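Note that the coordinates shown come from a computational prediction; the quantities given were computed from them, not determined experimentally. Computed from heavy atoms alone, side chains included, the values below leave out hydrogens, waters and symmetry copies. Labels below follow one simple rule: chain letters A, B, ... track the order of the sequence lines, proteins then strands, and each chain is numbered from 1.
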Amino acid sequence: MKYYRSHVLVGINETSVAAGVQSFVRALRAELSKAGLSEEINLLETGPLGFFGKGICLTVYPENVNYENLKEEHIPELVQEHFLKGRPVASLMLESAGKFSPKLNYSKRIVLRNSGIIDPESIDDYIGTGGYEAWEKALTQMEPKQIIEEVKNSGLRGRGGAGFPAGVKWSFTAPLQAEQKYVVVNADEGEPGTFKDRLIMEGDPHQLLEGIMICARAIGATKSYIYIRGEYKLCIHRLQKAIDDCRNYGIIGTNIFESGFDLDIEIKIGAGAYVCGEETALIESLEGNRGHPRWKPPFPGVKGLWQAPTVVNNVETLANVPFIISKGADEYKKYGTPECTGTKVYTILGDVAYPGLCEVDMGTTLRTIINDYAGGMKKGFKFKAALVGGAAGMILSERLLDVKMDLASLNQYSAVLGSGAILVMNEHQSIVDMLWSILRFFRHESCGKCSPCKTGTQQLYRLITKLKKGDGTMDDVELMLTIADTMQQTSFCALGQSPIMAIRSAIDNFRDEFIAITQK
Amino acid sequence: MYKEICAKYAPTKDNLIYILHEIQDTHPQHYISQEAVTAISEYLKLPENHIYGVLTFYSMYSTTPRGKNIIRLCESPPCYIKGSENILRKLKTILGTGVGETTKDGKFTLELCACLGVCGNAPVMMINDDVYGDLSEEKVEDIIEKLRGRS
Ligand SMILES: Cc1cc2nc3c(=O)[nH]c(=O)nc-3n(C[C@H](O)[C@H](O)[C@H](O)COP(=O)(O)O)c2cc1C
Ligand code: SF4
Ligand code: FES
């Protein structure tokens with residue numbers, strides 16, 4: 001391997017592409033070569049860098065300097081000052097970060113272990129880090145039963161929201177006799193504030209594919225669909241390239257590694273509806289119908305896509321699987337808590353110093369995530385609340401910052417870990433306003449199939465609008481709770497069952513604010 | 001023209017979503033016309049009301065003609081608290097249209113949408129296939145001005 005003095009990582013993502021990163025990279029390469037640095041500085045185009053800066057961003061290793069909002073006119077200065085003379089250009093550095101340098105904790109990463117390190121468009125890079133060893137092992141050295149046992153033992157639970165144990169789910173489908181079974185990957189990611197699946201796929205598409213392959217072998221599926229939202233253009237491009245490369249390398253296709261096993265993976269594009277993230281609605285959508293949820297049971301594991309047994313898993317769930325197979329369940333269990341193993345990927349947004357992406361042990365407290373990974377609050381702002389889990393999540397106050405973030409602990413507060421979205425609000429922001437925005441979202445996304453949700457979401461929106469205007473009373477607040485409670489008990493799918501969480505947590509944790517606005 | 005697009009796909013129901021996407025993307029007014037629905041219905045051997053059902057369910061499709069550039073501004077909570085309402089007001093003023101409407105010159109249609117998954121750069125909008133993040137009122141003005149210049 002070539003030895004480089006430093007590595008310059010360029011984040012290629014939707015926003016940097018829009019900011020012209022491609023021509024920026026070309027210009028930077030030219031400048032480096034002009035300065036005679038091509039052999040010393042390794043310029044690598046990669047996925048998410050772990051922080052959300054503006055426009056075009058770079059990270060320089062080993063010094064771990066982050067730049068944001070770069071323009072082509074900055075290139076000569078960067079090359080002269082930083083890359084040639086070793087003096088980082090302070091004026092171009094990530095503004096919000098100040099002196100803080102976030103924990104990168106690569107040693108504690110599973111899902112993101114390659115993100116921001118390898119070139120996600122290179123299958124050889126992935127293989128170079130031990131990629132597809134787990135697949136080979138699963139296919140040539142393990143029986144499907146053993147794979148399922150290992151995944152069960154690992155304690156891996158679904159990362160799409162409901163937290164169902166993955167190995168158990170697979171064990172329902174595996175023994176069924178059927179002409180065709182499917183693995184469907186849920187990459188619909190519509191929960192507001194959530195985009196961890198996008199970053200996982202952009203940063204390391206092969207790891208997801210490897211997880212799909214292992215799952216397919218475990219349950220005996222020969223066909224897999226990745227259902228992804230149409231807006232995720234870069235993800236779609238990278239996944240397609242990864243699939244094509246796998247076909248060319250004989251990693252998928254027919255009679256893979258002479259094992260007699262066949263598998264094909266295909267991308268399917270959604271058309272924009274939050275409810276299509278619900279697994280049965282997703283299946284309806286794949287079949288070319290309106291995305292209305294189906295009655296369960298039968299569960300998709302028994303009768304799913306075209307009535308065939310179908311395992312539906314979230315992107316992050318499957319991205320954990322290669323590690324479990326290559327390193328073993330015991331190694332996996334060293335991460336997280338005994339009841340909730342492994343790691344969790346979060347995106348932290350809002351008024352923190354350093355909004356970004358992190359992967360931490362299950363059970364890490366919100367306080368640690370905000371302070372150690374996001375640098376605490378942005379200068380001059382005070383913490384007020386965090387919306388955890390998107391619109392279907394809950395609004396937590398300071399008092400709850402030390403709750404361990406894992407499925408078992410958060411259940412006590414009737415929340416789910418949900419989507420991994422953390423949105424931090426400052427003391428000037430209004431909880432009523434936030435709740436209004438959440439309820440507007442639900443009103444818009446209710447699919448209209450069942451009346452508790454169809455009318456309930458409209459009533460909730462009407463009431464919160466009244467409150468927001470200052471025309472409401474505490475009776476309206478109580479009525480909202482009653483309606484949302486009824487919806488939770490009677491709605492057909494989890495969408496209609498969710499608004500209660502945001503409403504109850506907002507009212508319980510910030511009752512004063514509701515009292516104040518009704519007395520205006 | 002519609003028949004040619006249909007023929008690129010196998011005549012199975014699961015391809016409906018794709019056929020609709022392609023017809024809408026290639027139509028200069030980015031919508032699905034009655035004639036298109038009839039053509040798809042014949043090709044897939046599905047009743048027209050099934051096609052309308054699907055078409056009206058998903059937010060990406062339109063049954064009415066739209067402008068050359070489709071602006072979709074995110075109104076979900078993370079963008080909302082970063083000021084998407086101000087951006088909306090600005091867009092309405094400089095375009096002179098309301099939500100769901102198209103400018104007289106046929107260049108822009110203004111729409112609202114749910115989270116686009118780029119909330120790290122909130123507030124965010126998409127114009128056609130391009131994402132524009134970290135929006136400010138000045139930035140919006142620039143973006144629209146540039147697109148207006150292009151014919
Ligand atoms: C309204 C609604 C939206 C959902 N959206 C998603 C989503 O975007 N991604 C996802 O993986 N799961 C989503 N789910 C959960 C899925 O129904 C399902 O539980 C999940 O895909 C199973 O995968 P897992 O066991 O790996 O978590 C959603 C559920 C509901 C009710
Ligand atoms: S709860 Fe809401 S989203 Fe779910 S089926 Fe009923 S109307 Fe549709
Ligand atoms: S909330 Fe606007 S992009 Fe996610």
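Rounded to the nearest 0.5 Å, atoms SG (C115(B)) and CZ (R229(A)) are 6.0 Å apart. Within the model, atoms CG of L116(B) and CD of E189(A) stand 12.0 Å from one another, a figure rounded to the nearest 0.5 Å. The CD1 atom of I81(B) lies 6.5 Å from the CG atom of D351(A); values are rounded to the nearest 0.5 Å.
There is no contact between Y274(A) and chain B, counting heavy-atom distances below 4.5 Å. Interface residue L423(A): only side-chain heavy atoms are found under 4.5 Å from chain B. Using a 4.5 Å cut-off between heavy atoms, V275(A) touches chain B through its side chain atoms alone. Heavy atoms of I269(A) lying under 4.5 Å from chain B belong to its backbone as well as its side chain. Only the side chain of Y61(B) comes within contact range of chain A, with at least one heavy atom under 4.5 Å from a heavy atom of that chain. For D433(A), the parts lying under 4.5 angstrom from a heavy atom of chain B are both the backbone and the side chain. With a 4.5 angstrom heavy-atom cutoff, T194(A) touches chain B only via backbone atoms. Contact annotation for A391(A): neither backbone nor side-chain heavy atoms come within less than 4.5 Å of a heavy atom of chain B.
For the set I348(A), N13(A), L349(A), the count of heavy-atom pairs under 4.5 angstrom toward chain B peaks at L349(A). Taking A19(A), G190(A), G291(A) one by one and counting their heavy-atom pairs under 4.5 Å with chain B, the maximum is reached by G291(A). Between chain B and the residues G193(A), G350(A), G390(A), the most heavy-atom pairs under 4.5 angstrom are made by G193(A). Contact tally against chain B (heavy-atom pairs below 4.5 Å) for K233(A), E287(A), M425(A): the top residue is E287(A). Among A271(A), A273(A), P192(A), the residue making the largest number of heavy-atom pairs under 4.5 Å with chain B is A271(A). Between chain A and the residues V54(B), L16(B), I51(B), the most heavy-atom pairs under 4.5 angstrom are made by V54(B). Taking chain A as the reference chain and counting heavy-atom pairs below 4.5 Å, the highest number among C79(B), G133(B), C113(B), G53(B) is found for G53(B).
Applying the salt bridge (charged side-chain N to carboxylate O under 4.0 Å, His left out) rule to pairs touching residues 435-448 of chain A yields R440(A)-E75(B), R440(A)-E85(B), sequence neighbours excluded.
Using non-hydrogen atoms only and a strict 4.5 Å limit, the part of residues 117-130 of chain B facing chain A consists of G117(B), V118(B), C119(B), G120(B), N121(B), M126(B), D129(B). By a heavy-atom distance cut of under 4.5 Å, not one residue of residues 24-38 of chain B is near chain A. Residues of residues 5-14 of chain B having a heavy atom under 4.5 Å from any heavy atom of chain A, listed by number: K13(B), D14(B).
The number of heavy-atom neighbours closer than 6.0 Å to NZ of K268(A), taken from other residues, nucleotides and ligands shown, is above 12.
Residues P77(B) and M434(A) meet the side-chain proximity criterion, which asks for heavy atoms closer than 4.5 Å.
Ring geometry, Y80(B) versus W436(A): the interplanar angle falls from 30° to 60°, so the pair is classed tilted.
Taking both residues in full, the closest heavy atoms of H50(B) and G288(A) are given as NE2-O, 3.0 Å, listed atom of the first, atom of the second, then distance.
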Check your understanding: Given the rule in the side chain to side chain contact (heavy atoms under 4.5 Å, CB included) test, do S285(A) and Y58(B) qualify, once you have shown the distances and angles that lead to the verdict?
Key -> CA-CA 10 Å; S285(A) 176; Y58(B) 296 100; 3.1 Å; yes
